[in-house]
2 protein chains.
Amino acid sequence: MIKLKRRSDCPVSFALDIFGDKWTFLIVRDLMFKGKHYYGEFLNGGEKIATNILADKLAMLEHSGVIVKSVDPNHASKIIYKLSKKGIDLLPLMVEIIMWSAKHDIHTAAEIKFIKRVKKDREGILKEISGKLKAELKE
Amino acid sequence: MIKLKRRSDCPVSFALDIFGDKWTFLIVRDLMFKGKHYYGEFLNGGEKIATNILADKLAMLEHSGVIVKSVDPNHASKIIYKLSKKGIDLLPLMVEIIMWSAKHDIHTAAEIKFIKRVKKDREGILKEISGKLKAELKE
DNA sequence: TAAACCACTTGTTATTTGCAAGTAGTTAAA
DNA sequence: TTTAACTACTTGCAAATAACAAGTGGTTTA
């Protein structure tokens with residue numbers, strides 16, 4: 001059930017129409033930083049998403065052009081999910097989310113090494129990660 | 001009714017526990033870019049939020065330390081909402097949202113001047129806007 | 001001193017989420 | 001070659017959340 005209603009032309013509203021829920025961005029996080037590519041891997045993430053929600057969000061993300069689906073060449077019953085170019089473009093936004101939470105959450109699990117690296121060399125780490133994701137996309 | 005359940009220590013999850021809905025970030029947008037400070041001003045935003053949702057989200061944002069409430073000194077029945085320091089720290093994240101949507105939404109209302117300015121002088125515009133918001137906070 | 005303003009609250013209904021169980025195609029093991 | 005396990009979902013139902021409409025109780029303006 002894919003439902004995307006456009007509330008206004010405001011760029012903030014546009015993004016929230018796609019990502020404005022508790023789960024969608026966690027799927028993007030798993031694709032972006034945790035090397036996850038399969039339905040079953042997303043299910044076993046740290047936050048226990050329900051199967052129907054996961055299926056709905058994956059369908060919505062594909063419909064929005066943020067992820068792409070393909071069949072695993074070595075395993076016809078497995079489906080590979082990857083971030084599209086549009087999805088990879090979410091990287092700077094994701095990094096800023098992490099930076100904000102790392103600063104304001106006492107119990108954050110954010111890696112200190114990562115935070116320091118972003119502070120010192122933001123452009124470098126963005127290029128490094130997006131390069132890796134673009135390579136994955138072409139596989 | 002303020003309900004904030006922590007799902008994990010992941011920084012992405014932490015931010016989504018606060019902002020993972022369709023409305024909260026639009027309130028932050030209004031405070032950050034549209035110079036809005038009153039309940040009635042948020043209600044008349046472009047997207048028509050319901051009164052109870054607005055009240056709930058404002059209470060939650062205050063509880064989370066993202067905004068601060070005060071009584072208008074010239075008008076005892078009016079309440080002024082402002083971004084706290086923690087709220088102002090959301091600026092880079094907000095800017096990245098706008099940049100992503102401006103790039104990927106054909107019908108975006110994002111201002112071209114703003115987009116160009118961010119591309120050319122990200123640090124400069126961040127300082128400019130956060131400086132203005134910090135000044136407002138001290139008023 | 002009455003009407004309008006302002007920031008909410010309170011019901012009620014509609015929609016979304018969460019949980020448990022089930023299904024259909026694919027692969028691995030006996 | 002049959003069977004059990006795996007994988008990606010779907011379905012049904014209960015619970016939680018959001019949306020809509022109306023009302024409330026102080027404050028200010030005329």
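Here is the naming used below: chain letters follow the sequence lines, and residue numbers restart at 1 for every chain.
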Taking atom P of C/dT17 as reference, at what distance in whole Å does atom NZ of B/Lys5 sit?
12 Å

Is there a side-chain contact between A/Lys69 and the phosphate of D/dC9, meaning an N or O under 4.0 Å from OP1 or OP2?
yes

Is any side-chain heavy atom of A/Ile97 closer than 4.5 Å to a side-chain heavy atom of B/Phe14?
no

Rounded to the nearest angstrom, tell me the gap between atom CG in B/Leu54 and atom C1' in D/dC20.
15 Å

Flag the pair A/Asp121 / A/Arg117 as yes when at least one side-chain heavy-atom distance between them is below 4.5 Å, and no otherwise.
yes

For B/Lys57, answer base if it contacts any base atom (sugar-phosphate contacts may also be present), sugar-phosphate if it contacts only those atoms, and nothing otherwise; contact means non-hydrogen atoms under 4.0 Å.
sugar-phosphate

Just how far, in rounded Å, is C1' of D/dA19 from CD1 of B/Ile49?
11 Å

Give me, pair by pair, the N or O atoms of the protein and of nucleotides 10-15 of chain D that are less than 3.5 Å apart, along with how far apart they are.
unit_1	atom_1	unit_2	atom_2	d
D/dT10	O4	A/Thr51	OG1	2.8

Measuring only between side-chain heavy atoms, which start at C-beta, is B/Asp105 closer than 4.5 Å to A/Arg6?
yes

Euclidean distance, atom CZ of residue B/Phe42 to atom C1' of C/dC6 [Å, nearest integer]:
14 Å

Can you pull out the residues from residues 70-82 of chain A that lie within a 4.0 Å heavy-atom distance of DNA chain D?
A/Ser77, A/Lys78, A/Ile79, A/Tyr81

Going by heavy atoms in the side chains, are B/Phe19 and B/Leu90 under 4.5 Å from each other?
yes

Side-chain donor/acceptor of B/Trp100 to backbone N/O of A/Lys86, under 3.5 Å
yes

Can any side-chain N or O of A/Ser84 pair as donor or acceptor with the backbone N or O of A/Gly65 at less than 3.5 Å?
yes

Which part of the nucleic acid, if any, lies within contact of B/Lys48, taking any heavy atom under 4.0 Å across all strands shown: a base, the sugar-phosphate backbone alone, or nothing?
nothing

Euclidean distance, atom CG of residue A/Leu43 to atom C1' of C/dC19 [Å, nearest integer]:
13 Å

Tell me which residues in residues 22-31 of chain B lie within less than 4.0 Å of DNA chain D, going by non-hydrogen atoms.
B/Trp23

Without decimals, in angstroms, what is the distance between B/Asn44 CG and C/dC5 P?
13 Å

Side-chain heavy atoms nearer than 4.5 Å, only ILVMFWY residues, links allowed to pass through others: does that put A/Phe33 and A/Met99 together?
yes

Rounded to whole Å, CD1 of A/Ile67 lies from P of D/dA8 at a distance of 13 Å

Between the side chain of A/Lys34 and the main-chain N/O of A/Glu41, is any donor-acceptor distance below 3.5 Å?
no

Between D/dA18 atom C1' and B/Glu47 atom CD, what is the distance in whole Å?
16 Å

Is it the case that the side chain of B/Lys22 and the backbone of A/Leu16 share a donor-acceptor pair, with hydrogens and angles ignored and the cut-off at 3.5 Å?
yes

So does B/Glu136 get a backbone contact from the side chain of B/Lys82, meaning a donor-acceptor N/O pair under 3.5 Å?
yes

Is there side-chain contact between A/Ile79 and A/Tyr39, with heavy atoms separated by less than 4.5 Å?
no

